[in-house]
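Structure first, commentary second.
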There are 2 protein chains.
Amino acid sequence: MKHMVTANDVAKLAGVSQSSVSRVYFEGAKVSEKTRAKVLAAAEQLGYRPNEFARSLITNKTKIIGLVMKGVENPFYPQVLKQFTTAFKKLGYSVLFVHTQNEEIQPEDVETLLNYNVAGVIITDAAMSLKVAEDFRSNRIPLVFFNRKLNTDEFYSVCCNNLDASRKVAEYLISQDVKDMVYISGNGNTSTSLEREAGFMEILQKTGIPHRKYASDYTYTGGFQTALGIVDEGRAPSAIFAANDIMALGVIDALKKKSLRIPEDVKVVGFDNIDMAAWLGYQLTTWEQPIEEMVKKTIEYIMAEIADYTGLAKAVEIDGKLIKRKTA
Amino acid sequence: MKHMVTANDVAKLAGVSQSSVSRVYFEGAKVSEKTRAKVLAAAEQLGYRPNEFARSLITNKTKIIGLVMKGVENPFYPQVLKQFTTAFKKLGYSVLFVHTQNEEIQPEDVETLLNYNVAGVIITDAAMSLKVAEDFRSNRIPLVFFNRKLNTDEFYSVCCNNLDASRKVAEYLISQDVKDMVYISGNGNTSTSLEREAGFMEILQKTGIPHRKYASDYTYTGGFQTALGIVDEGRAPSAIFAANDIMALGVIDALKKKSLRIPEDVKVVGFDNIDMAAWLGYQLTTWEQPIEEMVKKTIEYIMAEIADYTGLAKAVEIDGKLIKRKTA
DNA sequence: CTGAAAGCGCTTACAG
DNA sequence: CTGAAAGCGCTTACAG
């Protein structure tokens with residue numbers, strides 16, 4: 001068995017009480033400089049480290065944030081993971097990574113989060129039922145939907161302003177003098193795909209530009225196959241708006257395979273601005289999601305709720321910007 | 001304050017002792033079916049869930065695995081993260097994700113891992129000093145270096161057989177009738193880059209094929225710039241072996257930019273077989289790392305050490321295979 | 001400012 | 001098989 005050095009061991013060596021040792025390590029507690037010095041010296045000598053579990057048990061608080069994610073194949077999400085982890089570390093919080101295979105978060109994942117009494121949970125591209133979300137609420141655990149919304153407005157969400165962004169994409173494309181357009185959607189019922197479609201279609205309808213929609217799945221292969229199908233139908237449009245970048249890259253490869261020139265024959269616009277969009281092989285014109293700002297807003301909310309739980313619900317939307325490159 | 005349902009509450013409702021409630025939830029403990037039924041009914045009614053922290057405090061064990069990672073921009077690593085998370089979940093373990101900005105794992109990250117008394121730690125592309133590694137050992141926490149080795153053989157590591165793999169890459173390239181070759185390395189002192197270089201060079205030296213080495217950094221941009229430099233020198237070789245795929249993709253884009261044909265003018269081989277290597281825009285010939293098998297070996301070791309700590313050190317190496325596509 | 005003591009929610013010998 | 005009790009390593013009123 002590994003022997004743990006406890007506050008008691010330190011207390012004995014330092015010649016103070018165990019409470020004093022505790023006070024040295026508990027932020028906000030008061031100790032004299034003299035005691036602090038004695039304790040720190042003894043602790044150093046013994047290699048003392050406060051036990052997080054004992055601490056959490058008594059305070060009923062943890063420094064763990066649950067981050068739920070599905071599509072790590074889309075580089076957008078590892079980026080999100082990285083930024084959250086980095087930002088939370090500065091605040092003294094660690095992230096418990098939960099990966100859901102399925103579209104929807106599984107009961108055992110919810111169990112895990114609840115068992116560890118996480119200080120907050122962020123759910124990204126996985127779906128969560130209303131019932132589960134209520135579970136977190138009833139446990140007073142702050143929850144935010146990141147880059148996704150529930151179709152009720154009873155929870156906190158942080159997204160890019162998808163509606164406005166896709167309107168701007170449509171307007172930009174129209175200004176490029178296109179005849180007809182195609183929207184390639186992501187997974188059917190995701191709020192992101194739905195909103196991007198709505199904004200895009202709204203402008204096209206308003207301006208009377210012919211348009212069609214094809215359903216895909218937010219993957220490279222999905223984008224690739226969908227675009228191949230479109231060309232094989234003999235109905236290549238003058239512009240394609242893909243609901244995310246990784247699909248857009250598949251679209252580009254498919255169009256190239258069919259010897260169509262980009263942007264001359266077909267223009268392509270994506271969404272996210274992942275690293276690869278800038279690669280010379282693609283040079284994708286896309287809408288940049290303001291990840292940094294989105295992460296910041298999410299953390300602000302969670303921290304505020306940790307300090308003083310309100311259960312506040314709000315749909316926060318942050319603008320991004322159009323990044324013009326070579327594909328449109 | 002959120003009120004927690006405790007084993008005591010359940011005990012009262014079920015009309016049994018708190019110990020009996022505990023036994024129902026503690027694997028391996030014995031309870032009669034009758035008691036179990038009573039407890040489960042009461043627990044269900046109250047929404048009871050055992051407190052992980054109290055449990056960890058008393059058993060001095062956790063179900064948390066620390067996973068340390070740096071380069072999430074290289075799709076190889078999110079893939080590794082996903083596979084570990086999935087496999088550990090099945091065993092009832094969760095993963096605490098630790099992202100290091102710097103090349104080397106930071107003291108505060110080590111603190112975190114130690115404070116949470118993690119059941120094991122896996123360190124991927126970040127570096128860890130010998131001193132820190134010893135820290136884990138002295139706390140009897142199993143540690144494995146995944147896809148990286150320390151330059152001492154005192155720790156457990158799981159890697160692809162890089163030496164053999166790169167020899168095979170060299171032999172394959174030679175069979176393609178090349179005149180001279182270039183090796184583009186990853187970050188200088190990583191074991192992977194060093195080993196891949198060693199195996200590759202060994203064969204080239206043996207067969208007397210002219211070769212040069214360029215130092216890069218395992219990123220797309222690094223590969224791109226390095227290849228650009230090589231061409232600008234007017235010394236494009238007949239084949240380039242990049243130490244990982246993401247650099248190889250950069251190399252391809254640079255060569256294309258310089259209007260060199262692949263594989264006719266220059267052949268390119270990568271390492272990893274990330275998803276993108278198969279994309280139509282690249283069709284990269286590469287060495288596939290057997291992630292699944294590597295993950296499996298890592299987990300086997302960690303589980304064995306959790307059950308019975310030995311501190312066993314070993315360098316496990318697993319073969320991968322050459323994936324022939326269009327670039328060589 | 002400091003110490004003795006209670007208690008967080010569990011597991012686990014120890015009796016019965 | 002079950003219960004009463006001790007104890008894991010902390011925080012936090014409560015006195016002094």
Side-chain angles (χ1 to χ4, degrees), chain A residues 1-40 42-43 46-64 92 111 114-117 119 139, chain B residues 1-40 42-43 46-64 92 111 114-119 139-140:
Chain A
M1 285 306 295
K2 58 186 125 187
H3 172 250
M4 297 222 114
V5 179
T6 73
N8 231 314
D9 301 331
V10 177
K12 273 179 200 147
L13 181 62
V16 300
S17 73
Q18 184 264 329
S19 330
S20 289
V21 175
S22 174
R23 289 188 181 102
V24 170
Y25 289 90
F26 188 73
E27 233 170 301
K30 292 176 194 318
V31 234
S32 67
E33 273 316 311
K34 208 167 142 192
T35 310
R36 178 186 301 276
K38 280 196 285 188
V39 167
L40 288 178
L46 297 174
Y48 172 70
R49 199 175 300 110
N51 182 314
E52 273 309 317
F53 293 93
R55 193 172 258 185
S56 288
L57 181 58
I58 197 120
T59 60
N60 197 22
K61 277 180 189 154
T62 63
K63 294 279 196 177
I64 301 179
E111 284 275 293
L114 257 17
N115 285 352
Y116 280 109
N117 192 18
N139 282 284
Chain B
M1 286 305 295
K2 58 186 124 184
H3 173 249
M4 297 222 114
V5 178
T6 73
N8 231 315
D9 301 331
V10 177
K12 274 180 200 144
L13 182 62
V16 299
S17 74
Q18 185 263 328
S19 330
S20 288
V21 175
S22 174
R23 288 189 183 103
V24 170
Y25 289 90
F26 188 73
E27 234 169 300
K30 291 175 195 318
V31 235
S32 67
E33 272 317 310
K34 208 167 144 192
T35 310
R36 178 186 301 277
K38 280 196 283 188
V39 167
L40 288 177
L46 298 175
Y48 172 70
R49 200 175 301 109
N51 182 314
E52 273 310 316
F53 293 93
R55 193 172 257 186
S56 289
L57 180 58
I58 197 121
T59 60
N60 197 22
K61 279 183 188 151
T62 62
K63 294 279 196 178
I64 301 179
E111 285 275 293
L114 257 16
N115 286 352
Y116 281 109
N117 191 18
V118 290
N139 282 283
R140 302 177 138 259

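Fair warning: this is a prediction, and the values are worked out from it, not measured in the lab. Each chain gets a letter, A, B and so on, in the order its sequence line appears, and its residues count up from 1.
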Notebook entry, point to check: Once you round it to whole Å, what is the distance between P of C:dG7 and CZ of B:F53?
Noted result: 23 Å

Next item on the list: Mind calculating the distance between NZ (B:K12) and P (D:dG3) to the nearest angstrom?
Entry: 14 Å

Margin query: Starting the side chain at C-beta, find the nucleotide from C:dG3, C:dG9, C:dT12 nearest to B:A54.
Written below: C:dG9

Next item on the list: For B:F26 and D:dC1, give me the distance from atom CZ to atom P, rounded to whole Å.
Entry: 16 Å

Notebook entry, point to check: Would you say C:dT12 has OP1 or OP2 under 4.0 Å from some side-chain N or O of B:Y25?
Noted result: no

Item checked: Spacing of B:E33 atom CD relative to D:dT2 atom C1', expressed in whole Å -> 15 Å

Note to self: Heavy atoms only, 4.0 Å cut-off, all strands: where does A:S22 land among base, sugar-phosphate and nothing?
What the structure shows: base

Next item on the list: Could you state the atom-to-atom distance from CG of B:N60 to P of D:dC8 in whole Å?
Entry: 11 Å

Next item on the list: Indicate the atoms forming the closest heavy-atom contact of B:Y48 with B:A7, along with that distance.
Entry: CE1-N, 3.4 Å

Next item on the list: Report which part of the nucleic acid B:V21 touches: base, sugar-phosphate, or nothing (heavy-atom distance under 4.0 Å, all strands).
Entry: nothing

Next item on the list: Would you give the length of the straight line joining atom CZ of A:R49 to atom OH of A:Y25, rounded to the nearest 0.5 angstrom?
Entry: 10.0 Å

Checklist line | Nucleotide forming a Watson-Crick or wobble pair with D:dC1, both distances under 3.5 Å | finding: C:dG16

Checklist line | OP1 or OP2 of C:dA4 under 4.0 Å from side-chain N/O of A:S17 | finding: no

Notebook entry, point to check: Can you tell me how far C1' of C:dG9 sits from CD of B:E52, to the nearest Å?
Noted result: 12 Å

Notebook entry, point to check: Where do A:N60 and A:N117 come nearest, in terms of heavy atoms and distance?
Noted result: OD1-ND2, 3.1 Å

Next item on the list: State, to 0.1 Å, how close A:Y116 and B:K63 come at their nearest heavy-atom pair, and which atoms those are.
Entry: OH-CB, 3.4 Å

Item checked: Note, B:L40 side chain near B:V24 side chain (heavy atom, < 4.5 Å) -> yes

Notebook entry, point to check: So which nucleotide from C:dG3, D:dG9, C:dC1 ends up closest to the side chain of A:N51?
Noted result: D:dG9

Check: Looking at D:dT12, D:dG9, C:dG9, which one has an atom nearest to any side-chain atom of B:T6?
Finding: C:dG9

Margin query: Looking at the base of D:dG9, is there any donor atom on it, or on the side chain of A:R49, that sits under 3.5 Å from an acceptor on the other one?
Written below: no

Checklist line | Most 5' of A:V31 and B:R55 on DNA chain C, judged by nearest nucleotide | finding: A:V31

Check: More 5' along DNA chain C: B:S19 or B:L57, using each one's nearest nucleotide?
Finding: B:L57

Item checked: Options D:dC10, C:dG3, C:dT11, nucleotide nearest the side-chain atoms of B:T59 -> C:dT11

Margin query: Consider side chain to side chain contact (heavy atoms under 4.5 Å, CB included). Of A:V10, A:L13, A:T35, which one does A:V21 pass it with?
Written below: A:V10

Check: Could you give the NZ-to-P distance, from A:K34 to C:dC1, as a whole number of Å?
Finding: 13 Å

Notebook entry, point to check: For the pair made of CD in B:Q18 and P in D:dG3, what is the distance, rounded to whole Å?
Noted result: 11 Å

Notebook entry, point to check: If you find the nucleotide of DNA chain D closest to B:G15 and the one closest to B:I58, which residue's nucleotide is nearer the 5' end?
Noted result: B:G15

